[in-house]
Amino acid sequence: MTSDSFTRTMIDAMEGLSGPQPGYRRVHARGLILAGSFTPSGEAARFTTAPHLQRDPVSTITRFSHTSGDPRAVDGTPTVRGMAVKFFTPTRAESDIVTVNVPAFVASTPPDFLELVNRLTGLPVQGPERREAIGAFVAAHPESVQAFKFAGQVAIPASYATSRYWATHAFVWIDAAGRRRFVRYRWEPAAGVRTADLDAVPGWPATHLTDELVERLHREPVRFTLRVQFAEPGDPVTDSTQIWPDDREEITAGTLEIAAPAQDQAYWSATTFDPTLVGDGIGLSDDPVLLVRGLLYDESRSRRLREARALESPRGEAR
Ligand code: HEM
């Protein structure tokens, strides 16, 4: 399969998971976009020339999202959630970090993920059929066991502001001398990790977590620190089903401060947060899932923008 036809097949398959949702992202359909800034600690400057990770604060746009492709999916369920951050360098170039609240991804290659999506299509979101399908997938792909354990343990957070988020893939930091080091990113919530009060969850409105975030921001900014883990020789750098040991060297690259909902939700929603958009001083690892994500997200974006234009057109035709 060529990369173009794989991209189309993969996005077609993802559309099957939640049914047609014209104008929305094929997954992570419902989200909230927030404006803020990132203040580097200065620690990263020794390891990367990335302009947004030196010393001066830069502006950011963050999108928190529910993982489902169905924009009506409710917040009071234990599911994976996303936090995507776009940094604007001093010259307005962009660099993205796209994370989820689990440390590992469930498939080590794009065709494996396609297989998983096909196995799950048409099954209820919870229940024995789904567990059986995942069991059959894991039996064929034992490297995915740990990631499914993480996904199975994922709790409903008290707030988007009280969860950890991981980028799952390895990236490469390049310093001024051209030295390359493999790194992994994690956002640590300044408010601490807190899960929801399960007695209160049944009373939550569908959009409780985004409502809570807006309310919280009226009181105070939401902060996360960017923790960066360095690989040691032999650590897996091309397979995001595998995590690195906790004792690897880490630094704090800086602090994200989220101030308020972004003024123009529609404008930022129309863009993509693309993990392959890294900018100067940062490289991509050879993780095949990472490498394909830019193409996939572009395909999802062009479909949703085409659909949104058609919905806006008085005659319902694509323009
Ligand atoms: C082959 C594997 C994957 C496929 C097919 C896939 C597919 C997609 C698609 C189609 C979108 C919507 C893009 C758009 O319309 O803008 C998306 C968004 C997203 N994906 Fe993935 N993805 C994959 C792997 C991952 C991994 C490993 C992560 C872990 C960090 C991840 C986290 C996210 C997040 C957080 C978003 C929402 C970004 C936003 O708010 O705009 N995905 N994904």
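Whatever order the structure lists ligands and atoms in, that order sets their numbers, starting from 1. Residues take their numbers from the sequence shown, with the count starting at 1.
Short contacts between ligand 1 and F273, defined as distances under 4.0 Å to a heavy atom of the residue, involve ligand atoms 39 (C), 41 (O). Taking every non-hydrogen atom of F113 and a distance limit under 4.0 Å, the qualifying atoms of ligand 1 come out as 1 (C), 2 (C), 3 (C), 4 (C), 5 (C). In summary, the atoms of ligand 1 found under 4.0 Å from a heavy atom of M10, numbered by their order in the structure, are 5 (C). Close approach to S300 involves these atoms of ligand 1, each under 4.0 Å from a residue heavy atom: 10 (C), 12 (C), 13 (C), 14 (C), 15 (O). The distance from ligand 1 to the heavy atoms of V289 drops below 4.0 Å at these ligand atoms: 1 (C), 2 (C). Which parts of ligand 1 touch M14 is read off a 4.0 Å heavy-atom cut-off, strictly below it: atoms 5 (C), 7 (C). Ligand 1 places these atoms under 4.0 Å from at least one heavy atom of I11: 10 (C).
Judged by distance alone, the side chain of T238 and the main-chain N or O of D287 form no donor-acceptor pair under 3.5 Å.
Partners of F182 according to the ring-ring contact (aromatic ring centres under 6.0 Å, His included) rule, which considers only residues two or more places apart in sequence or in another chain, do not exist here.
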Check step by step if side chain to side chain donor-acceptor pair (under 3.5 Å) holds for T9 and D12.
CA-CA 5 Å; T9 306; D12 289 346; 5.5 Å; no
Could you walk me through whether Q21 and R72 pass side chain to side chain donor-acceptor pair (under 3.5 Å), step by step?
CA-CA 10 Å; Q21 307 291 344; R72 288 167 301 277; 3.2 Å; yes
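Under the 6.0 Å cut-off for aromatic ring centres, Y297 and F273 do not qualify, their centroids lying 6.0 Å or more apart. In summary, the aromatic rings of F88 and W268 are positioned with their centroids under 6.0 Å apart.
From the protein, the heavy atom lying nearest to atom 29 (C) of ligand 1 is V100 CG2, 3.7 Å. Considering only non-hydrogen protein atoms, atom 41 (O) of ligand 1 sits nearest to R25 NE, 2.8 Å. Looking at atom 38 (C) of ligand 1, its nearest protein heavy atom turns out to be A84 CB, 4.1 Å. Scanning the protein heavy atoms around atom 40 (O) of ligand 1, the nearest turns out to be R63 NH1, 2.8 Å.
Atom OH of Y24 is surrounded by 12 or fewer heavy atoms from other residues, nucleotides or ligands within 6.0 Å.
The aromatic rings of H52 and F87 sit tilted relative to each other, their planes meeting at an angle between 30° and 60°.
Checked against a 3.5 angstrom limit, the closest N/O atoms of T168 and ligand 1 fall outside it. In terms of N/O distances under 3.5 Å, ligand 1 is not approached by T99. In terms of polar-atom proximity, defined here as any N/O pair under 3.5 Å, R304 does make such a contact with ligand 1.
Defined by atom type and a distance below 3.5 Å, a donor-acceptor pair is present between the side-chain atoms of T91 and T89.
Ligand 1 has at least one atom lying under 4.0 Å from a heavy atom of H169.
Under 4.0 Å is where a charged nitrogen must lie from a carboxylate oxygen, and between R293 and D274 no such pair does. Classification of R30 and D70 as a salt-bridged pair fails, no side-chain N sitting under 4.0 Å from a carboxylate O. With respect to R216 and E212, a salt bridge is recorded, a charged nitrogen being found less than 4.0 Å from a carboxylate O. By the 4.0 Å N-to-carboxylate-O rule, R227 lies too far from E188 to be salt-bridged with it.
For atom 21 (Fe) of ligand 1, protein N, O or S atoms closer than 2.8 Å were enumerated as Y297 OH, with waters left out.
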